[in-house]
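Read the structure below first, then the notes.
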Amino acid sequence: MVILVVAIIVHGGAGTVKKEERIPKVLDGVREAVLAGWRELKRGSALDAVEEAVKALEDNPLFNAGTGSVLTLDGKVEMDAAIMRSNLEAGAVAAIWGVKNPISVARKVMEKTDHVLLGGEGALKFARLMGFEEYNPVTEERLKQWQELRKKLMESGETRHWKKLSALIKEYPEVLRSTVGAVAFDGEDIVAGTSTGGVFLKMFGRIGDTPIIGAGTYANEFAGVSATGIGEVMIKLVLARTAADFVRFGLKAPEAAEAAISIATEHFGRDVAGLIMIDRDGRVGFAKNTKHMSVAYMREGMEEPYTGI
Ligand code: GLY
């Protein structure tokens, strides 16, 4: 007999943390987030747990989501977020700006509309209707990074296409500081949530995998999954849903996570993707093909969260 174990796992994005001294701060950030989620989970709701954990990551300027989101080619913030439950209820926002916590707006889309995904002006209009106040998520550090990276891109004379940006990402892997996410299981419901500022210097209007159900975020009766990395990869491979399908066909979360990431590596090479997941028995899984992906998790019976990168 399998005993169901209440659990929560969070990530602070896959990529390369270039400055070593940042690593302890990043680990503290995911630890705080998993504990914020755990407090809610102990009250019984995976949905509240995921929202609180993702909010903690969005509010931490170290991570590329909410406050501290990276800037588009034209220097704006356009954030994506999604949340999904194992009963297939889902809500998402794409290319939204001017709000503090996109994950909470995504939850409102799920709970208060007949739709799954609202984008741009419409998403912002809905957020204001729901009482989300005006907020500027741009930080000084991100603005400085944007100026430096844009200059490099201009100097190389390659500003027209994303292919050129991929080359830039290879040269400066710290550009890809992508995304935060959480997955929780409360004994009944599995919930997955993801939030991101996207990728540095992305084209205006570009929407990544995070708000695309099945690509960056997915939950069903078998598993919940939150992915991170280059969004175009996850969209093309429907990676979050693929990882959940591996559980449907018999794998446990740790093996399913590895199997899904190996597909990303096979098609697109290394340094493109990572994901976290929980299966219906409460097992946690995580895998990456990048140098780093900060992760923290708590399961019933643990005194302290696991943290790693
Ligand atoms: N994985 C986040 C993005 O590509 O937008």
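Just follow the structure's listing: the first ligand is 1, and inside any ligand the first atom is 1. Quick note: residue numbers are just sequence positions, from 1. The figures here come from the full heavy-atom set of this structure, side chains too, leaving out hydrogens, waters and symmetry mates.
- Side-chain contact annotation: Asp189 with Ser86, donor-acceptor N/O pair under 3.5 Å present.
- For Arg39 and Asp48, the salt-bridge test fails: no basic side-chain N is under 4.0 Å from an acidic carboxylate O.
- An N or O contact shorter than 3.5 Å links Gly231 to ligand 1 by distance.
- Distances below 4.0 Å separate heavy atoms of Gly229 from the following atoms of ligand 1: 1 (N), 2 (C), 3 (C), 4 (O).
- Heavy-atom contacts of Thr179 reach the following atoms of ligand 1: 1 (N), 2 (C) (cutoff under 4.0 Å).
- Of the candidates Glu78, Arg206, Lys202, Glu232, the one placing a heavy atom closest to atom 5 (O) of ligand 1 is Arg206.
- Near Gly208, meaning under 4.0 Å from any of its heavy atoms, are these atoms of ligand 1: 5 (O).
- Ligand 1 places these atoms under 4.0 Å from at least one heavy atom of Val199: 4 (O).
- For the residues Asp209, Asn64, Asp80, the heavy atom positioned nearest atom 3 (C) of ligand 1 is part of Asp209.
- Every heavy atom of Gly216 sits 4.0 Å or more from the atoms of ligand 1.
- With 3.5 Å as the limit, one finds no donor-acceptor pair spanning the side chains of Glu40 and Ser45.
- Taking the six-membered ring for Trp and thresholds of 30 and 60 degrees, Tyr306 and Tyr297 have nearly parallel ring planes, at less than 30 degrees apart.
- Judged purely by atom type and a 3.5 angstrom limit, Arg107 has no side-chain atom pairing as donor or acceptor with the backbone of Gly91.
- One finds no salt bridge joining Glu121 and Lys125 here, because no Lys/Arg side-chain nitrogen approaches an Asp/Glu carboxylate oxygen to under 4.0 Å.
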